Amino acid sequence: MSESNSIIFEKDKDLTHLTTFGIPAKARLFAEYTSVKELIRISRSQEFLDNEVLHIGGGSNLLFLHDFDGLVLHSAIKGIERYDKDSETVFAIVGAGEKWTDFVDWCIASGLSGAENLAGIPGEVGAAPVQNVGAYGVEAKDIIHSVECFDVETRQIVTFKNKECGFAYRDSNFKREWKGKYYVLRVSFRLSPSTEARHLDYGSLATLEERLGYLPDIAQVANEVITIRNSKLPDPAVIGSAGSFFKNPVVNKYYYEEAMRALDPDIPCYPVDEHNVKVPAGWLIDKCGLKGKQIGGAQIYPGNCLVIANTGNATAKDVSQLARFVTDEVRRRYAVILQPEVNYIDTEMEVTILGSGTSKGVPEVACDCRVCRSHSPFDKRLRASALVHTHGMNILIDVSPDFRYQAIREELIHLDAVLITHSHYDHVGGIDDLRPFCAYHDMPIYLKEDVNRDLHARLDYCFRPVPYPGVPTFEMHEVGDKPFFINGLKVIPIHVNHGKLPILGYRIGDFAYVTDAKTIPEEDIEKLEGLKVLIVNALREKKEHFAHMTFKEALALVERVKPKEAYFTHFNHEAGLHEEMEREFPPHVHPCYDGLRIFIR
Ligand code: EPU
């Protein structure tokens, strides 16, 4: 244990019982706070400033894939304050560290309606707006009035109104762009001073009135909900799980009618909006015959296929492998890709080199040199691009004209976001082939403002008000000087010069990818310090190039920023054979090759 300004930081904290999965994991540092004052003190501490920070709630939606090499924070801000606005509205302001079930019990005991359908949900109040928890026809967003948060950067308290939180099905801004930026301190709920139950449409609640012979009150609804939950979901005190492991996929109505119902006319669905329906993932998994399927200690819960249960000795690897197996089976049968509702905490990173060649690739068309004639697979270089896998996400850096082949080769089935370095054809020529990954959501693309303009001009057909059906659709995010977040993952833009053209490289944690650089301004060189892995372009050995670094220039950068390991990429045929480079580079510098996987932990 260490103390900083009287805050206690526990070392190697066992997190097993801080998640409902009950799967062993540790945090290098852990701290809990009971007030905003304590949180401010934590946010000023060296422990906070020097480490990756993860804020947890009741741990009902977390899967630690390995020990967390950073600081885990937990709120123990308690209290429920009641404000009676008028005869129809009561506000309850609830501390983030209160148990959700205690809050629902308090509502029932106080004769306040609104939360009764959400009875029995594990977790804490602070997580309710993040996940927009929901059950039996009601979502947290239906009763949340506003959310009081701590702004991590300014250390000020900010309050967001319901409409500002971007609530959607099991989603909110807190889960995406606000992750790591704001910590929930207190949630204000708008309730009605009445014991009358209002939401009786979902499933067996619809027959409750008939069964009782009178209109049920909120206590009876809460009891009924708890009874259904107990019959469908494992008891968290006995069997570890995270409730629903997957989200119910939202699919296009046309696809549901034409393709899915053709496979199974009985397939159920719930309406979402004019164009989309939600299909129960539990039903799809069940139909794939996976009830009870087990990998190691992880099992598809026989009472409800939407749940992955820890039968006692499951490891995180068992759970993630089983989830992968289920996703693959459902994809094969229904061509629907399930997304986990559970948050994978995975600070390890795997980078796959999709292509390591310069704009013409190697071999060059119509070239007869010894490198272009080499039969070694290490000398076949597609146009440069890399795939980063971390925090359960796949992030593509650049979309080369060879992307279609690269995606097939790597069996890529899911993509969360794309980072673009610049708009030269060899880095964006494959964008139209992102189509399969845009089927379920507009693909977020991060790029500079001038690159965004270029792409709008070149891919004008994708940006028309009414695009041709099936063209890829994007969500463009312009990147400036500041770090930005992809589902909470911090990405630091690195400004480099491709000859005279200012372009971007990217740093994610201890990894950075810089391509097509000739020079790097001093302040951006500093952003590359302390890396475990640097991937950087190195066109060829000797002959200078106006826009690309040679081996010598790339080695000088490595010498300057001192990453633990460096990998050179973006080679042309003058770079020589892979085996020659491997021999000649210093021991901590390696030539990339297509398909190379680099693990960063
Ligand atoms: N189904 C099967 N086999 C199964 C599981 C379900 O055929 O193994 C079928 C059911 O018979 C039903 C349909 O799938 O026709 C839907 O099942 P259910 O009503 O249990 O709801 P769900 O869509 O599976 C969602 C939430 C639950 C919530 C319930 C009730 C998600 C991801 N899950 O489940 O939330 O309790 O509705 O509102 O939206 C949670 O988030 O942890 C959670 C438990």
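Not measured: the values here are computed from a predicted model. Order of appearance sets the numbers: ligands from 1, and atoms from 1 within every ligand.
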Show me the donor-acceptor pairs within less than 3.5 Å that the side chains of residues 280-291 make with the rest of the protein, sequence neighbours left out.
none

Distance flag for atom 11 (O) of ligand 1, protein heavy atom under 4.0 Å: no
Ligand 1 N/O within reach of K291 N/O, cut-off under 3.5 Å: no
Contact partition for V133 relative to ligand 1, non-hydrogen atoms under 4.0 Å: neither
For Y169, atoms of ligand 1 separated by under 4.0 Å from a heavy atom: 31 (C), 32 (C), 39 (O)
Contact partition for P280 relative to ligand 1, non-hydrogen atoms under 4.0 Å: side chain
Pair H66, D346: side-chain N/O donor-acceptor within cut-off below 3.5 Å: yes
I395 and I486, any side-chain heavy atoms less than 4.5 Å apart: yes
Per-residue contact class, L306 against ligand 1 - non-hydrogen pairs under 4.0 Å: side chain
Protein contact of atom 1 (N) of ligand 1 - nearest heavy atom, named by residue and atom, plus distance: W283 N, 3.8 Å
Residue and atom name of the nearest protein heavy atom (relative to atom 20 (O) of ligand 1), distance in Å to one decimal: K232 NZ, 3.0 Å
Sub-3.5 Å N/O-N/O distance, S244 and ligand 1: yes
N/O donor-acceptor pairs under 3.5 Å from side chains in residues 89-104, not counting sequence neighbours:
| unit_1 | atom_1 | unit_2 | atom_2 | d |
| --- | --- | --- | --- | --- |
| T89 | OG1 | D86 | OD1 | 3.4 |
| E98 | OE2 | G79 | N | 2.6 |
| W100 | NE1 | L118 | O | 2.9 |

Distance filter under 4.0 Å to Y202 heavy atoms, resulting ligand 1 atoms: 18 (P), 19 (O), 21 (O), 30 (C), 37 (O), 38 (O)
